[in-house]
Amino acid sequence: MLKPVTVIVPVYNEEKTLGEILERIFISNEVDKIEIVDDGSTDNSLKIAKGMSKKAAKYGKEVVVIHKNKNEGKGAALQRGLSTIKKGAVISQYADLEYFPEDYPKLLSALAQGEVVFGNRFAGRNEGHRYILADLGNRFVSFVFDLLFSQKIHDINVGLKAFKISALKNTKLKEKGFLIEEELSVTFANKGIKILEVPIRYKGRTFEQGKKIKMKDGIKGLVYILKRRFIA
């Protein structure tokens with residue numbers, strides 16, 4: 001397995017779930033380091049992150065807590081975390097409970113065969129809430145991306161991705177919000193990297209429970225990949 005394995009956890013107002021998801025990441029044998037990037041939270045997320053970081057030593061994990069004064073979005077938080085990583089593999093993990101750290105072994109096993117691995121929620125076990133229109137939109141954006149960039153993926157907006165940091169060599173990411181998912185996908189494709197997929201579990205939550213990505217983000221994603229293919 002490529003070492004070290006660093007998990008980046010962008011956080012924005014996730015006080016209800018942050019402690020549990022970090023505990024599950026800490027007990028993962030595959031993980032060496034966790035970077036928690038608080039993206040200007042206004043709740044107790046930063047306090048929880050700092051408290052949890054003190055517990056990481058008993059698991060033999062290195063934890064870094066990064067605080068951003070201003071909320072800029074998932075992409076900005078992910079980029080801040082990536083800026084300190086020089087080698088090994090990276091896993092992007094949401095701070096909610098929608099994605100399962102228990103799926104890391106599958107991602108990293110597939111990563112041994114390539115440079116980039118996306119989770120695929122449509123091929124795995126699903127629980128919780130699902131928005132049908134959002135799923136259809138994601139599938140359509142994934143289809144258009146495949147068509148334009150000669151890839152074969154089904155879940156471009158999945159929040160659980162793994163890649164070798166070398167796959168982003170000489171790359172400056174720009175998107176601050178959820179368009180980071182499309183930007184990563186286009187960046188890898190333009191480098192000639194084949195994106196692999198593995199089935200993952202998914203437990204969707206409602207907007208009332210804190211879900212942030214919306215249908216309009218899917219439309220923005222479609223426009224983005226069209227622009228990247230035909231304009232920039």
Open item on the list: I'd like to know whether Tyr12 forms a side chain to side chain donor-acceptor pair (under 3.5 Å) with Glu72, so could you lay out the CA-CA distance, the side-chain angles of the two residues, the decisive distance to 0.1 Å, and finally the verdict.
Closed with: CA-CA 10 Å; Tyr12 179 64; Glu72 295 182 291; over 6 Å; no
- [ ] Apply the test side chain to side chain contact (heavy atoms under 4.5 Å, CB included) to residues Ser185 and Phe118: give CA-CA distance (whole Å), side-chain angles for both, the deciding distance (0.1 Å), then the verdict.
- [x] CA-CA 10 Å; Ser185 303; Phe118 286 10; 3.4 Å; yes
Open item on the list: Determine whether Asn157 and Glu182 satisfy the following criterion, side chain to side chain contact (heavy atoms under 4.5 Å, CB included), listing intermediate values before the conclusion.
Closed with: CA-CA 7 Å; Asn157 285 311; Glu182 279 78 13; 2.7 Å; yes
Open item on the list: As a quick check of understanding, evaluate side chain to side chain contact (heavy atoms under 4.5 Å, CB included) for Tyr104 and Ile25, giving each step before the final call.
Closed with: CA-CA 9 Å; Tyr104 291 173; Ile25 295 172; 3.6 Å; yes
- [ ] Before giving the answer on side chain to side chain contact (heavy atoms under 4.5 Å, CB included), spell out for Ile8 and Ile85 the whole-Å C-alpha distance, their side-chain angles and the decisive distance to 0.1 Å.
- [x] CA-CA 10 Å; Ile8 301 178; Ile85 302 173; 3.8 Å; yes
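Heavy atoms of other residues, nucleotides or ligands lying less than 6.0 angstrom from NZ of Lys152 number 12 at most.
From Arg80, atom CZ reaches atom CG of Asp38 across 12.0 Å, with rounding to the nearest 0.5 Å. Here Phe145 contributes atom CZ and Ile195 contributes atom CD1; the two are 4.0 Å apart, rounded to the nearest 0.5 Å. Between the CD atom in Glu14 and the CD1 atom in Ile36 there is a gap of 13.0 Å [rounded to 0.5 Å]. Note that the NZ atom of Lys172 and the CD atom of Glu183 stand 10.0 Å from one another [nearest 0.5 Å]. Separating the CD atom in Glu20 from the CE atom in Met52 is a distance of 10.0 Å, to the nearest 0.5 Å. Note that the CG atom of Leu108 and the CD1 atom of Ile91 stand 4.5 Å from one another [nearest 0.5 Å].
Counting all heavy atoms, side chain and backbone alike, Lys164 lies closest to Leu2 at CG-CD2, 3.4 Å. Gln79 and Ile180 make their closest contact through NE2-CD1, 4.0 Å (heavy atoms, listed as atom of the first residue, atom of the second, distance). Between Lys203 and Leu97, the shortest heavy-atom distance links the atoms CB-O, 3.9 Å. A pairwise comparison of heavy atoms in Ile225 and Leu222 identifies CG1-O, 3.2 Å as the closest pair. Pro10 and Ala77 make their closest contact through CB-CB, 3.7 Å (heavy atoms, listed as atom of the first residue, atom of the second, distance). The two residues Asn44 and Glu15 make their nearest non-hydrogen contact at N-OE1, 3.1 Å.
In this structure, the side chain of Asp96 does not engage the main chain of Thr17 through any donor-acceptor pair within 3.5 Å. A donor-acceptor pair under 3.5 Å is formed between the side chain of Lys61 and the backbone N or O of Ser28. Looking only at distances, no side-chain donor or acceptor of Ser109 sits under 3.5 Å from a matching main-chain atom of Pro105. Asp155 places a side-chain N or O within donor-acceptor distance of the main-chain N or O of Arg121, the cut-off being under 3.5 Å. The closest donor-acceptor contact from the side chain of Thr171 to the backbone of Lys169 lies under 3.5 Å. Of the possible donor and acceptor atoms, one in the side chain of Ser142 sits under 3.5 Å from a partner among the backbone N and O of Ile156.
You'll find the side chain of Asp135 reaches within 4.5 Å of the side chain of Phe122, heavy atoms only. For the pair Arg228/Asn190, a side-chain contact is recorded, criterion being any heavy-atom separation below 4.5 Å from C-beta on. Counting heavy atoms from C-beta on, the side chains of Leu46 and Val65 come closer than 4.5 Å. Within the 4.5 Å cutoff, the side chain of Arg24 has heavy atoms near those of the Phe100 side chain. No side-chain heavy atom of Leu78 sits less than 4.5 Å from a side-chain heavy atom of Val37. Using a 4.5 Å heavy-atom cutoff, the side chains of Phe188 and Gln151 are not in contact. Looking at Leu168 and Phe163, their side chains come closer than 4.5 Å, going by heavy atoms from C-beta outward. When side chains are defined from C-beta on, Thr84 does not count as touching Val64, because their heavy atoms never get closer than 4.5 Å.
With salt bridges taken as basic N to acidic carboxylate O contacts below 4.0 Å, one links Lys161 and Glu181. Lys68 has a carboxylate O that lies under 4.0 Å from a charged side-chain N of Asp39, or vice versa, which qualifies the two as a salt bridge.
Under the 4.5 Å side-chain heavy-atom criterion for ILVMFWY residues, no single connected hydrophobic cluster contains both Val223 and Leu148.
The aromatic rings of Tyr94 and Tyr99 sit perpendicular to each other, their planes meeting at more than 60°, with 30° as the lower class boundary.
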